[in-house]
K.L.:
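Structure incoming, see below.
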Amino acid sequence: MKKKKFKSESKRLMDLMVNSIYTHKEIFLREIISNASDALDKLYFKSLTDSSVGLKADDFKIRIVLDKENRTITVSDNGCGMTEEELDNNLGTIAKSGSFDFKAENEKTEDVDIIGQFGVGFYSAFMVSDKVTVNTRAYGSDKAFTWVSDGVEGYRIGESDKPDFGTEVIMHLREDTDDDKYSEYLDQYMIQSLVKKYSDYIRHPIVMDVESSRPVEGKEGEYEDYVEEKTLNSMIPIWKKNKSELTDDDYNSFYKEKFFDFEDPLAVIHSSVEGNATYKSLLYIPAHAPFNYYTKDYEKGLQLYSKGVLITDKCAELLPDYFSFVKGLVDSEDLSLNISREMLQHDSQLKLIAKTVEKKIKSELEKMLKNDREKYEKFFKNFGTQLKFGCYEMYGLNKDKLKDLLLFTSSDEKKLVTLDEYTAKLADDDKNIYYACGETLEKIEMLPQFDAAKSKNLEILMFTEYFDEFVVKTIGEYNGRHFVNICDEEFDLSTEDEKKEIEKLNSDYSGMFEEMAKAIGDSVNSVRFTNKLAGHPVSLATEGQISLDMEKTLNSMPGNEDNKVKAKLILEINCEHPVADKLKSLYDNDKETLAVYSKLLFSEACLIAGKSVDDPVEHSKLVCDLMTK
Ligand code: ADP
C-alpha cells in the first residue's frame, strides 16, 4: 500500500468536517449516494452509445448494507468506478478548491455555515466515520484498487480484489458521544427515512435488505422474521411531482444541493407545460449573484433532461443572456436522448421550450415586482445590471421586453422607481424624464445642475452605473416621454423672458467669451453665462450627442484607444455670481489675469463634473501663484 498525505486544503476541509459541531451530519448519506448515482449515470450514458456495455437501464443499482457488529455502513454501486489515478486525484484533493478558498474566509466564525455553503461531497463521510474504505474497479479495467483513510493526515492506496466493476464505500462509524449517537445510522428505519428525506428522487433504485416479521401461515399468533430486498426511494424526480405534494423546504433543499448554493432561492417557478412544446421545468431565481457572475467565466444554462434522464448539464440555448442568472432544469418528452450538443442548437422543439421558459421567468419577475417590492429590489440589486445590459445589447432588440423590469434611483427620497412609476407622476404636458449621471449618488447631488433642477421641484433619476445613460438612450422614449440629461445644454427651464435676457447678455460679452475660450484651449468648445446654476459659480455642459459620462464610458472600452471620442464641452458661468462681475472687469482692464482665471474656472468645472483636470501641474501652479500674490 502506498501512503499519501492530503493536500493542504483538503486537510483543512477535513479538519473542519471532523471537528464540526454541524448538526446535520446525516447529510453524509445523501452525499455518498449522490456520488454513486453520478457514477451510475456515467456508465449509463456510455451504455447508450456503446452496446458492449451490455447493461439495461434497470440493471443500475445503489445498495446499502448495514453491519451492526462491525459498525459499518456500506454504499455500493455498479457504476463507472475509478482507476488508480482517478482514485488518487478524486479523493485526495477537493475538486472545488476555488470555491473552498472563497468560502473559507469566514471559516472561524461560521463553522456551521461553511458546511452548508459548500457542497461537501465525499469528505462528509468523516463527519460520522473514523475510517473510510473505498474499493473500486473502473469499468473495463482488470485491476481493482482500495483507498483507506482515517481522515486525519492522509490515506493509503493499494490493490484490491473487488471482483466486479463499480465502487463500494465502507464507512466505519465513530463511537457514540453524549451529543452524537452515531449508532443511529445502523438502524434500518433511520436509513430508510434519510433516503426518503434526501435521496428520494435519485433515479436509480437504492436498495437495502430490510428485516421484517410476518405471521406464520397456519400458526395463529406466531411470527417469523424474514429479510427482503426493498427499494427505498420512489425515483420520482421532484419536478415530476405535483406542486401540492411539495413544500418550500423540498424545493429549497433540492436547489441548494443541485446548484451548490448556500442560500434559499428568491423564487421558484415550477411548471408543467403542454401544447406545442411539452415539458416540465423547475426554475430558480437565486438570492444572490454567484461570485463570478459578472465575469466571462460564468456559464449560463439550464439542465436538460429527456424523460427524466440528464442530457446536458448546461444548456445555454434555454436561457437568453439577460436571464442568465436563472438556475434550474427542463425535462421534455419531445427530445431524443442521443441528441448531441451541436444538434441542440438547431432543435426547433428546444427553441419553442426556450421561448416559453423566457415568458415564465419574465412573468415571475413582474409578479414579484408587483407583489413583493422588497424581494424584487433585492433581486434587482443582484441582477439588475444584467437586465440593463439586456435592454442595451443588440441595438435594443429586447428593450421592450425588459424596460418595465428596470429600477432607477429617484432623487425623491433616493427610492428605487420604475419608469412607469416615474412617468405616472408627470403632468400630461410634461414630456421629459430627467436624469443625471455620476460616480455615486453623493457626487450627483453635488452637481450644480442637480441643485438647480431640484429647486424647480423636478424628480431626477440618478444614474450611477457607467452604462445607464446608454440604456435609456437605447430605450429612447417611454410612454411618449424623452430622456433628458440635466447637464445637457438643451435642458433649460427658464421662461421666454429669462432666455432672451441671457441671450442678450451672452451676445454682449461674446468678445470676452472668445478670449476665455482661447486661453483655455482645445478642451473647451465655448464659454457663456447661464442663469441655471442656483448658487454655484461654474459648471460644464455638453452639446450634441455625447455627454461627459458617455465620453468616459466609450473611451474606457477596449479597442477605442486610438479613436477617443470627445464630448463638446461648454464652460458655463453663473451670471448672478460675483465671479461674473470679476470677469467682466478683468476683460476691460486686465486680459492677462482673465486668461489665468479662465483656466482656473475651467479646471473647477471639470472637477465638479467628475472629470479629471487636463494639466493638474499647471492648475496647482496657478492656484499657488494666486495665493502668494
Ligand atoms: P463531487 O461529487 O462534488 O465532485 P466529491 O468529493 O463528492 O465531489 O467526489 C469527488 C470525486 O470522486 C467525484 O467527482 C467522482 O469523480 C469521484 N467519486 C466519488 N464517489 C464515486 C463513486 N461512487 N464512483 C465513482 N467515482 C466517484
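Whatever order the structure lists them in is the order used to number ligands and atoms, beginning at 1.
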K.L.:
Look only at interatomic distance and state if F122 has a nitrogen or oxygen under 3.5 Å from any nitrogen or oxygen of ligand 1.
P.N.:
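Yes; the residue has a nitrogen or oxygen that sits under 3.5 Å from a nitrogen or oxygen of the ligand.
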K.L.:
For D88, run the salt bridge (Lys or Arg N to Asp or Glu O under 4.0 Å) check against K4, R156, K3 and tell me which one passes.
P.N.:
K4
K.L.:
Test of understanding: with side-chain contact (heavy atoms from CB on, under 4.5 Å), list the residues that count as partners of E299, not counting sequence neighbours.
P.N.:
K314
K.L.:
N/O of D77 under 3.5 Å from N/O of ligand 1, yes or no?
P.N.:
yes
K.L.:
Out of N90, T167, I62, indicate the one that has the non-hydrogen atom closest to atom 15 (C) of ligand 1.
P.N.:
N90
K.L.:
Of the side chain and backbone of L91, name the one, both, or neither that has a heavy atom under 4.0 Å from an atom of ligand 1.
P.N.:
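Within the 4.0 Å criterion, L91 contacts ligand 1 through side-chain atoms alone.
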K.L.:
Decide, yes or no, whether a salt bridge links E364 with K360 under the criterion of side-chain N to carboxylate O below 4.0 Å.
P.N.:
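Answer for the salt bridge query: no.
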K.L.:
Is the shortest distance from a heavy atom of E31 to ligand 1 less than 4.0 Å?
P.N.:
no
K.L.:
For R71, check salt bridge (charged side-chain N to carboxylate O under 4.0 Å, His left out) against everything at least two apart and list the hits.
P.N.:
D176
K.L.:
Whether K25 and D180 form a salt bridge (side-chain N of Lys/Arg under 4.0 Å from carboxylate O of Asp/Glu) is what I want to check.
P.N.:
yes
